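One structure is given below, encoded as C-alpha cells.
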2 protein chains.
Amino acid sequence: MPERVDHEERRRQIAEALLRIADTDGLQSASMRAVAAEAGVSLRLVQYYFTTKQALLLDALARLGGQLQARMDAWIRAAGTPPTPRSIVTAILSCVLPTDAESRRITRTYAAYYTLVLSDPEVLAQHGTAQPDLLEGFLAKQLRAAQEAGRISPRRDPAIAAAGLLAMVNGLGSSVLGGQRTGEQALAILDRHLDELFDTV
Amino acid sequence: MPERVDHEERRRQIAEALLRIADTDGLQSASMRAVAAEAGVSLRLVQYYFTTKQALLLDALARLGGQLQARMDAWIRAAGTPPTPRSIVTAILSCVLPTDAESRRITRTYAAYYTLVLSDPEVLAQHGTAQPDLLEGFLAKQLRAAQEAGRISPRRDPAIAAAGLLAMVNGLGSSVLGGQRTGEQALAILDRHLDELFDTV
DNA sequence: ATCCTCATGATACATGTGTATCACAGGCAT
DNA sequence: ATGCCTGTGATACACATGTATCATGAGGAT
C-alpha cells in the first residue's frame with residue numbers, strides 16, 4: 001500500500017528511535033537493525049529514508065540540537081517574573097545540567113555523540129555545529145548585561161566568565177552522568193559559583 | 001621458541017597498543033586484531049595474555065590511570081620552589097588539561113573510555129575507580145590548607161570549590177579536545193578563575 | 001630420555017554489521 | 001488502459017568481530 005506518506009514524519013520517527021537507543025545503550029548499540037526495530041519499521045525503510053547510516057546519525061544529531069534549543073527557550077521564558085539577570089543565567093545553565101529526566105536524556109545522548117565526534121572529526125564539519133559557541137556568546141551577552149546593571153563586578157571579563165561557567169556546567173554534567181554526584185548536588189555547586197560571580201562587594 | 005617470557009612486559013606492550021589506538025582512532029576501533037597488529041604480535045597472543053577483550057580493556061584502563069597518576073606526581077613535585085598553595089593547585093589542574101602532547105593523549109584516551117563506562121556501568125564497578133573522588137579530596141585538602149594560610153577567603157567552602165574547579169577543568173578539557181579552544185586558552189580561563197579564588201580582599 | 005607445561009601459530013565459527021539487489025504492489029499521469 | 005514512480009518487503013553479500021579449537025615446538029622436571 002504505497003499510500004503517499006509523510007516523509008518528514010517517518011524520518012522523525014526513525015531518528016528519535018536512534019536517539020532513544022543512544023540514550024539508553026549508547027551509540028555503539030544503535031545499529032541500523034536496532035533502530036529499525038525500535039522504530040517499529042523494517043530495516044529497508046531505515047535505508048529508504050536515510051540512505052546511509054551516517055546520514056541518519058547526522059540527522060538525529062540535528063534533531064537533538066533542536067530539542068535542546070527548544071528546552072532552553074522554554075526555560076529562559078520561564079525564568080521568573082520579572083527575570084533577573086541571574087535567573088536567566090541560571091536558566092541557561094541548569095537546563096544543560098542533567099537534573100530531570102529530559103535533560104538527563106539529552107545530556108546522555110550528547111555524551112554518546114561526543115566520542116564519535118572526537119574519533120571522526122569530519123562529522124562535526126558536516127554538522128553545522130557551532131552550537132556551543134553560540135551558547136557561549138549568548139551567555140556572555142547576559143553576563144555583560146548583568147555587569148552593566150551592576151550585578152557583577154566590573155573587574156570580570158564576561159567572555160572568560162562565560163567560558164568558565166559553561167565548562168564547569170559541562171564538567172558537572174559529566175560527573176552526574178558518571179554517577180559521582182546527583183543533579184541537585186551539581187546544581188548546588190553551580191549555585192555557589194554563581195554566588196561568587198554575582199557579588200559586587 | 002617458547003623461551004620463558006616476561007608476562008608483565010608482554011601485557012604492558014599489548015595494553016599500550018590498545019591505549020595508542022584508543023587515543024588516535026577511538027576505542028571502537030580497538031578490535032582484538034587491531035591491537036595485535038599495533039602491538040606487533042599475533043591475535044592469538046592477545047587472547048593468550050588477556051583471555052577476553054573486557055579484561056584487556058580494564059587492564060589498559062588501569063594502566064592509563066597509573067600514567068596519569070605518575071604525571072600528576074611529577075607535576076606536583078615540580079610545582080615551583082618553594083611551592084605556593086596556588087602553584088600546587090595549578091599543577092594538579094593543569095596536568096589534567098590537554099596542553100601538551102602527553103596530557104592530550106591521556107585526556108583523549110580517558111574520553112574514549114567515558115562513553116564506554118556510561119553505556120556499561122558494570123565496567124566501572126569492576127574497575128576500582130574512585131580516582132576522581134580521590135583527586136577531588138586531595139584538591140580540597142590543598143584548598144583548605146591555602147585557606148588556613150590566608151590565601152583563600154574563609155567564606156569559601158573548600159570541598160565545593162574543589163568540585164567546581166575540577167568540573168571546570170574537565171569541561172575545559174572537553175572543549176579543547178573538541179577543537180573549540182586551544183590548551184593555552186583553556187589554561188588562561190582556568191587562571192582567571194583561580195585569580196578569583198585566591199583573592200582574600 | 002620422557003613427559004608435561006608454556007608459548008605461539010593457523011584457522012574456524014558464529015554472529016552482527018552496513019549496504020545492495022530483486023521483487024512487487026498500488027496510485028498517478030498520459 | 002498503460003506505464004512509470006513511490007513505498008515496502010525479503011534476502012543476499014561481503015566483511016569485521018570476539019572467541020574457540022587444533023596443532024606444535026621448545027624447555028624444564030623427573
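Heavy-atom basis, side chains included; hydrogens, waters and symmetry copies ignored. In this text the structure is predicted, and so the values were computed from the model without any measurement. Every chain is numbered from 1, with letters handed out A, B, ... down the list of sequences.
Remark: B/R63 CZ is packed, more than 12 non-hydrogen atoms of other residues, nucleotides or ligands lying under 6.0 Å away.
Residues of residues 43-51 of chain A that place a heavy atom closer than 4.0 Å to DNA chain D, in numerical order, are A/R44, A/L45, A/Y48, A/Y49. Shown for residues 23-41 of chain A: residues whose heavy atoms fall under 4.0 angstrom of DNA chain D, namely A/R33.
For D/dA10, the OP1/OP2 oxygens have no side-chain nitrogen or oxygen of A/S42 closer than 4.0 Å. Within the 4.0 Å cut-off from OP1 or OP2 of D/dG18, not a single side-chain nitrogen or oxygen of B/T52 is found.
Atom CG in B/D25 sits 8.0 Å away from atom OG in A/S119 (nearest 0.5 Å). We find the CZ-CG distance between B/F198 and B/L143 to be 6.0 Å, quoted to the nearest 0.5 Å. For the atom pair CE (B/M168) and CG (A/L166), the distance works out to 10.0 Å, reported to the nearest 0.5 Å. The CD atom of A/Q28 sits 11.0 Å away from atom CD1 of A/I21, with the distance rounded to the nearest 0.5 Å.
Here the closest non-hydrogen pair linking A/R181 and A/S175 is NE-OG, 3.0 Å.
Counting heavy atoms from C-beta outward, A/L27 and A/L57 have side chains that approach closer than 4.5 Å. Side-chain contact between A/T182 and A/T99: absent, with no pair of heavy atoms (C-beta onward) separated by less than 4.5 Å.
For B/H7, the listed nucleotide lying nearest its side chain is C/dA7; candidates were C/dA7, D/dT8, C/dC28.
Taking atom NZ of residue A/K53 and atom P of nucleotide C/dG16, one finds them 15 Å apart after rounding to whole Å.
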